[in-house]
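Just below is one structure, and these are the notes that go with it.
All values below come from the heavy atoms of this structure, side chains included, with hydrogens, waters and symmetry mates left out. Order of the sequence lines sets the chain letters (A, B, ...), proteins ahead of strands, with each chain counted from 1.
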2 protein chains.
Amino acid sequence: MSGEKYVFFFGKGSSEGNASMRNLLGGKGANLAEMTNLGIPVPAGFSIATSVCTFFMEHNEYPTTLESQVVEALRKVEDAMGRRYDDVGDPLLLSVRSGARVSMPGMMDTVLNLGLNDRTIRGLIEQSGDPRFAYDSYRRFVQMYGDVVMGAEHHGFEERLAKKKAAEGVELDMQLSAKALEELVGEYKAYVHQSTGKTFPDEPMEQLWGAIQAVFGSWQNDRARTYRRLNEIPDSWGTAVNVQAMVYGNMGEDCGTGVCFTRDPSTGERRFYGEFLINAQGEDVVAGIRTPQPINRESDNGSGLPTMEATLPACYQELVETYHRLEEHYKEMQDIEFTVQKHKLWLLQTRTGKRTARAALRIAVEMVEEGLITRETAVRRIDPDQLNQLLHPMLDPSAPRDRLAKGLPASPGAASGRVVFTADEAETMAKAGTKVVLVRTETSPEDIHGMAAAEGILTSRGGMTSHAAVVARGMGKCCVAGCGDVVVDYEAEQLSVRGRVVKKHDVVTLDGSTGELFYGDVPKVAAQRGEHYEKLMSWVDEFRTLGVRANADTPHDASVAVEFGAEGIGLCRTEHMFFDGDRITAVREMILADDEAGRRRALEKILPMQRSDFVGIFEAMGERPVTIRLLDPPLHEFLPHGDAEIEELAPKLGTTFDLLKKKTQSLFEFNPMLGHRGCRLGITYPEIYEVQVRAIVEAACEVKKAGLDVHPEIMIPLVAMAKELEILRKMTAGLVESITSTQGVEVKILIGTMIELPRACVVANEIAKHAEFFSFGTNDLTQTTLGLSRDDAGKFIPLYVEQQIFPKDPFVTIDPGVADLVRIAVERGKAVRPDLKVGICGEHGGDPKSVEFCHAVGLNYVSCSPYRVPIARLAAAQAALKS
Amino acid sequence: MSGEKYVFFFGKGSSEGNASMRNLLGGKGANLAEMTNLGIPVPAGFSIATSVCTFFMEHNEYPTTLESQVVEALRKVEDAMGRRYDDVGDPLLLSVRSGARVSMPGMMDTVLNLGLNDRTIRGLIEQSGDPRFAYDSYRRFVQMYGDVVMGAEHHGFEERLAKKKAAEGVELDMQLSAKALEELVGEYKAYVHQSTGKTFPDEPMEQLWGAIQAVFGSWQNDRARTYRRLNEIPDSWGTAVNVQAMVYGNMGEDCGTGVCFTRDPSTGERRFYGEFLINAQGEDVVAGIRTPQPINRESDNGSGLPTMEATLPACYQELVETYHRLEEHYKEMQDIEFTVQKHKLWLLQTRTGKRTARAALRIAVEMVEEGLITRETAVRRIDPDQLNQLLHPMLDPSAPRDRLAKGLPASPGAASGRVVFTADEAETMAKAGTKVVLVRTETSPEDIHGMAAAEGILTSRGGMTSHAAVVARGMGKCCVAGCGDVVVDYEAEQLSVRGRVVKKHDVVTLDGSTGELFYGDVPKVAAQRGEHYEKLMSWVDEFRTLGVRANADTPHDASVAVEFGAEGIGLCRTEHMFFDGDRITAVREMILADDEAGRRRALEKILPMQRSDFVGIFEAMGERPVTIRLLDPPLHEFLPHGDAEIEELAPKLGTTFDLLKKKTQSLFEFNPMLGHRGCRLGITYPEIYEVQVRAIVEAACEVKKAGLDVHPEIMIPLVAMAKELEILRKMTAGLVESITSTQGVEVKILIGTMIELPRACVVANEIAKHAEFFSFGTNDLTQTTLGLSRDDAGKFIPLYVEQQIFPKDPFVTIDPGVADLVRIAVERGKAVRPDLKVGICGEHGGDPKSVEFCHAVGLNYVSCSPYRVPIARLAAAQAALKS
């Protein structure tokens with residue numbers, strides 16, 4: 001027999017647990033023990049450890065010693081509260097609640113008022129002097145127990161309650177008489193028997209065992225499992241169960257119950273804030289039938305009701321003292337539940353309070369100023385992802401909404417506008433002052449002008465790193481991608497969601513932070529950063545050692561990036577520039593040329609445009625490094641789609657429809673992701689890369705001559721073989737040398753490569769010989785390592801996440817297999833070139849978990865979309881503090 | 001000054017080098033030294049080492065000590081030959097020849113007769129007593145030197161020679177008089193001066209230096225570089241230069257020159273075989289103007305000329321004694337060049353003789369029987385790739401041919417037939433008894449019946465592992481793939497190659513071993529294995545430790561595989577069965593079903609068909625293991641292509657054109673290689689895998705009940721995440737258990753996975769927990785590791801091979817990066833499951849270099865197409881002998 005301790009008593013100023021035992025006792029249990037230890041009045045009770053839950057999951061039975069430990073703890077509770085369970089004169093009643101390591105509000109079951117039966121009800125009536133209260137407690141108990149433990153359908157109780165109210169001619173539950181409630185108890189028990197075939201247990205110990213088992217069992221209910229999946233809580237943690245003496249806030253006007261926060265959870269202001277209901281139980285607050293009273297400031301909820309401070313001043317004072325002690329003890333803003341029973345204050349729960357991002361920043365910064373916590377602690381406490389609330393407008397949480405569908409939260413923020421289906425219309429309408437949401441099955445580089453003009457983008461296909469998602473994030477624009485329930489009908493100019501039709505120019509709202517699509521215009525709250533943000537971010541930059549750069553393709557993006565604190569550009573994609581205005585025609589001319597001479601003619605047109613792009617970016621970035629990637633995508637991405645476009649383009653290029661169509665078809669690829677792209681283009685058509693390098697170097701010289709410092713870094717993409725890089729590096733270095741010496745300007749230009757193929761990782765030692773830097777392109781590296789096309793995987797990724805095959809979307813948080821290859825590449829690369837500069841420029845560069853990995857593996861910097869730069873900075877600081 | 005020795009003398013029975021110094025002296029030089037050491041009469045000379053060539057490549061100058069070493073060696077040559085260089089009375093003349101580590105016939109330069117000038121010519125006339133011979137030697141020297149060393153265009157000499165013959169009224173060179181030849185010497189020198197601006201050097205030492213430098217320089221000429229690339233000879237090896245005293249076979253009827261082999265190079269028969277020309281120089285044999293005499297058997301060349309044995313019996317006897325000594329010494333069939341100068345025999349070269357595959361086998365086996373070599377040596381000596389000559393028909397090497405184009409040598413053998421452009425026509429015509437060649441831009445699984453019916457397959461796109469290539473190799477059928485110069489015009493029913501048109505039903509010939517396409521019917525020689533093959537292969541199986549299995553999808557393929565010595569099936573692809581006959585309709589019904597019930601209805605139709613396929617394969621393989629891969633390709637591969645097929649199919653499936661088209665489109669993928677395929681189908685549509693597993697297990701039970709042993713292995717493809725395999729393994733194991741226990745049959749079925757994604761390699765430790773075996777799918781692993789689609793890479797792979805970016809086509813020989821991932825996977829997999837069975841079933845399983853890797857990395861077996869099984873067996877034996 002095991003001597004393991006499973007049951008931990010708390011009560012009367014001392015307990016067997018404490019706050020550090022959260023994993024074993026759950027958050028609630030650990031804090032009840034801690035409060036008890038602090039001498040704060042907590043109804044006595046005991047926690048049954050999470051290890052019992054996991055024992056049960058493994059063995060399908062409970063530990064043999066559990067029963068005796070529970071009985072022993074119950075005796076202590078009786079002693080502490082001065083009442084006996086199952087005492088007909090003055091019965092102790094119990095509550096049984098779940099309590100996992102982290103809060104899972106409302107997901108698991110609770111049973112209150114255990115210990116009531118037809119004998120003990122007499123004692124409760126006698127002690128409370130209120131038969132109505134006693135029978136109300138009894139009938140609530142039978143309903144809860146019958147539902148939660150015995151499995152009788154909820155509606156059966158509701159029907160009987162409604163019937164009873166009708167018979168009594170009353171409207172509200174609380175208007176029912178003691179007699180009616182007593183009758184209901186009998187009717188409920190009969191219903192339970194009838195619907196489950198089992199008799200309602202009168203025996204208190206039997207009641208207790210049933211409740212404990214039911215609450216443990218509720219760890220595995222569908223609701224809880226779904227919640228855990230969504231919140232990434234492992235099934236293996238299990239829940240604890242807390243058995244605690246009942247106290248009552250509904251025994252009269254000298255009773256009440258409330259919830260309060262040690263600081264304002266919405267603004268972060270340092271003041272005691274909360275709500276209170278006189279003569280009520282906790283569930284009445286939740287049910288929302290009665291309007292709660294403000295705890296201390298009448299203006300707080302506009303109810304005009306008197307405050308607790310005024311109503312129960314002594315208890316209020318005790319509560320104020322308690323909250324100060326709790327906040328000082330925990331050094332964190334607390335969310336406190338309490339009950340007043342006949343002028344006696346009982347604390348039922350304390351926990352770290354949830355708060356808005358704005359409040360989180362203010363609380364953290366002010367607590368540092370108050371000397372309560374250190375800067376390190378302040379930085380550790382902010383959830384990086386929560387910063388999005390400050391950087392983008394958000395839907396007003398209180399606003400009503402009409403949800404149509406849910407896709408992927410591809411780019412945060414909120415946007416409303418009229419639905420349009422083409423980039424051209426988006427641009428036209430936006431120019432005319434109308435806000436629009438661009439809806440496409442998927443977007444392509446040709447849609448960029450429409451995306452730029454739209455308030456938000458919705459696609460029915462594609463994942464978190466689809467074109468739409470990547471571009472939208474780069475623009476800081478709200479995007480919902482891969483919204484599979486949306487069927488786009490371009491011809492009919494409408495979209496439909498399970499039969500519901502939205503026509504062109506109807507207004508919709510996107511929530512890019514949740515992936516939701518709403519019909520109509522949902523009110524928003526504006527983005528705001530403020531002084532606390534600035535102060536906290538200045539601490540962040542003190543702690544972090546990892547550099548943070550941005551992915552930016554235009555001077556405008558570059559400026560935004562700098563404003564968000566980017567220390568350079570980690571990825572400037574030259575191909576986005578190729579779609580602008582008239583350039584695409586020159587680009588197409590280049591692609592469709594029959595020989596090198598033809599390509600060179602077209603490239604000569606492109607050269608000055610690219611050069612002026614780079615001048616703009618260099619000017620925006622000043623002395624910060626700018627990594628420019630040479631042309632990467634397969635050429636056919638730039639080609640016309642469909643016969644109509646070919647027809648239009650052919651005369652412009654001086655060719656015929658047939659020839660152009662044939663050329664277009666000849667560039668078709670079965671798997672363009674694995675095709676003729678990246679440095680393969682540079683090898684087969686060296687003139688393309690030559691002109692790009694020329695544009696970069698000439699731009700750098702121009703800016704340098706104008707007196708600004710420049711640090712360009714030329715990045716060669718999709719290298720698999722060291723020889724590819726050797727050849728292209730030689731070409732690049734030669735041009736750099738010849739142009740700078742001709743122009744008489746000294747510019748140091750690094751030449752490096754993007755590591756985005758598994759082969760490049762394993763032969764990184766060979767590649768590093770020719771590279772001054774590596775930048776991990778983890779989007780493509782994820783695709784090739786997992787053999788998973790981000791454009792196609794949308795069909796099965798949801799199922800894969802649901803079945804927990806993917807613990808997380810590998811396009812959002814770096815996959816462990818991909819991470820292993822990155823680690824191998826860093827090791828092998830640095831082995832031959834210890835000063836190799838290593839960074840990451842995939843979408844993972846802005847994901848906090850991935851940033852933590854990047855810090856640990858020793859990268860020099862991460863690069864992400866401008867709007868994620870603050871998040872990456874914070875994540876980098878937290879990673880540094882963690883290590 | 002370096003003391004390194006660069007020059008190695010040989011002559012008069014002793015030399016400074018020997019046969020083991022091939023890397024330094026080149027093959028020719030090492031063997032001349034060795035022969036000298038054996039006391040065989042070799043004209044004295046010296047070899048200038050390959051290290052001089054590499055020194056020059058690095059420093060662009062020659063070692064400073066070279067000149068003095070050459071002068072010293074020349075003195076020894078003069079002593080040995082009893083003549084002085086530049087002696088006007090009896091001049092020593094020299095030849096300067098290249099000689100690399102391996103033979104590069106005709107690729108580099110040679111200069112003969114060095115030392116002649118207007119003074120020494122007198123001595124030559126005097127010694128030979130033949131002014132015509134002397135002036136002919138002189139004018140040949142001026143021409144060769146002028147061309148090779150000084151760079152005068154060849155045609156200038158030819159024009160002057162032709163003019164001279166016209167003036168003299170003769171037809172042949174040898175009819176020119178001494179006087180005419182003397183005049184020509186002057187005219188040639190004038191031409192050299194006129195065309196190069198330089199005076200022809202008369203000074204013999206200057207001549208010698210010029211020739212030595214020119215021959216070293218010829219290592220870097222275009223011809224030599226191309227040859228090295230094609231034959232995978234590193235540039236860094238460099239060539240040696242051999243300077244040797246001239247001997248003459250053209251000084252009269254007591255002179256001659258010849259080439260002989262110690263065994264018949266065509267049949268391998270043990271007999272002395274060769275050709276001889278009286279009064280001739282070596283270049284006359286090569287020029288082919290005179291018909292050579294047989295060396296000893298009049299019937300050998302049908303010339304009716306007397307044999308050397310009859311003409312110069314003493315020299316012949318000496319030659320016979322010499323050849324016996326050489327073969328016994330080298331223990332290898334020798335290719336010998338000799339010259340007789342005035343009844344004195346001189347050996348000019350001995351080397352390992354080239355031979356046909358048939359001869360190679362016979363020689364190896366007979367040398368073992370003669371006790372000359374061991375079985376190990378015999379096995380080592382056979383080039384695995386050469387076995388193809390015995391396993392497939394080959395084009396008759398002597399047959400004339402009209403080459404149209406060259407593609408990839410995708411599947412060996414030779415085939416002729418009438419051109420057809422559709423699989424259906426191929427089948428119809430073949431049934432009617434007409435041989436056809438199926439020509440497609442690329443093939444798809446629906447073409448399989450046409451491929452099976454055709455003699456050979458030609459595609460204009462796709463690489464070495466394209467569908468056409470893989471399927472053709474599996475069928476042992478000749479295939480030329482990726483023949484980019486061929487433009488297929490389905491509408492016009494013709495193909496064209498740079499303007500030349502081949503119409504439907506024209507006859508073409510394919511050489512699948514070279515990748516060539518010919519117009520018309522080129523005669524072939526049949527496949528033949530024979531007794532020596534059988535004997536050698538029995539030794540092979542003694543030595544090898546690596547198992548060899550075959551990739552086979554049908555009972556017929558399985559039988560062929562067993563006949564070729566396969567020890568099991570390493571890959572049985574279930575999807576090929578899906579295209580047969582009426583099955584495709586049921587398969588399409590399954591794919592297009594709206595729900596699981598619909599899919600199950602269709603699958604029920606497929607089940608009995610799959611079961612009977614497996615019964616056939618199990619019966620063919622008996623107790624040998626059979627690895628069956630569950631469905632792998634993306635579903636849309638099975639869908640109709642184009643509107644016409646959709647129109648035809650819709651009513652069969654009870655649906656409409658529009659619905660079917662929409663469904664087809666919804667299955668489209670941007671990158672199907674990285675899409676919804678492999679085990680992802682098994683996860684999303686478990687019923688598909690369930691039915692396949694059911695078919696396998698029921699088939700196994702049926703065969704077992706009939707008294708045959710069966711060893712099925714179920715392989716789950718494209719696993720990236722351990723959880724995928726965990727889920728599917730559980731399902732599979734459950735079905736195996738329930739079916740075998742219901743049927744009361746005991747069948748052991750292994751469950752494992754295909755490792756074909758980089759992620760699977762790095763997390764092999766997690767995957768191995770759920771796998772009893774790994775089979776490396778190196779085709780897909782190469783695609784994902786290199787980010788290279790085999791269907792699309794054809795556009796740039798040739799350039800990549802040419803620029804030496806790919807040392808070899810990574811789809812043919814395993815790439816080092818891919819190999820590294822395989823090594824990681826084997827290590828990590830075996831770390832958690834030491835008895836893990838590991839094999840390879842990609843196309844690399846039949847490539848000798850890759851087989852060597854598989855042996856070294858500790859795989860249990862390789863699996864390849866049936867026709868490559870003997871090659872893999874031999875390569876495996878060689879790998880075992882090597883390690």
Side-chain angles (χ1 to χ4, degrees), chain A residues 442 461 634 666-678 680-681 683-684 718 720-724 726-727 756-763 766 780-793 795-796 799-800 803-807 810 815-821 823-824, chain B residues 442 461 634 666-678 680-681 683-684 718 720-724 726-727 756-763 766 780-793 795-796 799-800 803-807 810 815-821 823-824:
Chain A
E442 67 261 358
R461 294 168 80 153
S666 79
L667 286 168
F668 166 81
E669 295 190 310
F670 292 99
N671 295 288
M673 188 55 61
L674 309 176
H676 194 183
R677 50 172 290 234
R680 294 161 191 171
L681 294 173
I683 294 284
T684 48
L718 209 77
M721 317 295 294
K723 185 96 182 179
E724 291 170 323
E726 186 186 344
I727 292 171
E756 49 189 335
L757 295 174
R759 189 186 199 279
C761 294
V762 293
V763 302
E766 293 170 22
D780 279 9
L781 188 58
T782 301
Q783 296 197 80
T784 44
T785 302
L786 274 67
L788 195 67
S789 159
R790 62 190 181 195
D791 296 318
D792 302 312
K795 285 179 197 161
F796 55 89
L799 182 69
Y800 263 52
Q803 296 206 12
Q804 299 194 27
I805 296 172
F806 287 145
D815 167 78
V818 175
D820 201 18
L821 284 172
R823 190 177 298 114
I824 288 173
Chain B
E442 66 262 359
R461 295 169 76 153
S666 78
L667 286 169
F668 166 81
E669 294 189 310
F670 293 99
N671 294 288
M673 187 56 59
L674 309 175
H676 194 183
R677 49 171 290 231
R680 296 162 190 171
L681 294 172
I683 294 282
T684 48
L718 209 77
M721 316 295 295
K723 185 94 181 180
E724 292 169 325
E726 186 185 347
I727 292 170
E756 49 188 334
L757 294 174
R759 191 186 197 281
C761 294
V762 293
V763 303
E766 294 170 20
D780 279 9
L781 188 58
T782 300
Q783 296 196 79
T784 45
T785 303
L786 274 65
L788 195 68
S789 159
R790 61 188 183 197
D791 295 317
D792 301 312
K795 283 178 198 163
F796 53 90
L799 182 70
Y800 263 52
Q803 295 207 11
Q804 300 196 27
I805 296 171
F806 288 145
D815 166 78
V818 174
D820 201 19
L821 284 171
R823 189 176 299 114
I824 288 172

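The side chain to side chain donor-acceptor pair (under 3.5 Å) with B/Tyr800 is formed by just one residue from the set A/Arg680, A/Lys723, A/Glu724; it is A/Glu724. A side chain to side chain donor-acceptor pair (under 3.5 Å) with A/Arg759 is found for one member of B/Thr785, B/Asp815, B/Asp820, B/Thr782 and no other, namely B/Asp815.
Using a 4.5 Å cut-off on side-chain heavy atoms (C-beta onward), A/Leu799 and B/Ile683 make contact. B/Val762 has its side chain out of reach of A/Val762: every pair of non-hydrogen atoms, C-beta onward, lies at least 4.5 Å apart.
The greatest number of non-hydrogen atom pairs below 4.5 Å with chain A, out of B/Cys761, B/Gly675, B/Pro672, is found for B/Pro672. Put simply, of B/Pro758, B/Pro634, B/Gly817, the one with the most heavy-atom pairs under 4.5 Å next to chain A is B/Pro758. Counting heavy-atom pairs under 4.5 Å between each of B/Arg677, B/Glu756, B/Met673 and chain A puts B/Met673 at the top. Among A/Ile824, A/Leu788, A/Leu757, the residue making the largest number of heavy-atom pairs under 4.5 Å with chain B is A/Leu788. Per-residue counts of heavy-atom pairs under 4.5 Å with chain A were compared for B/Gly787, B/Ala793, B/Ala720; the largest is that of B/Gly787. Contact tally against chain A (heavy-atom pairs below 4.5 Å) for B/Thr784, B/Ile727, B/Thr684: the top residue is B/Thr784.
Remark: the backbone N or O of B/Glu669 is not paired with any side-chain donor or acceptor of A/Asp792 at under 3.5 angstrom. Looking only at distances, no side-chain donor or acceptor of A/Asp791 sits under 3.5 Å from a matching main-chain atom of B/Phe670.
At a 4.5 Å heavy-atom cutoff, the contact between B/Val763 and chain A is made by side-chain atoms alone. Interface remark: B/Glu726 contributes no atoms to any contact with chain A (heavy atom separation under 4.5 Å).
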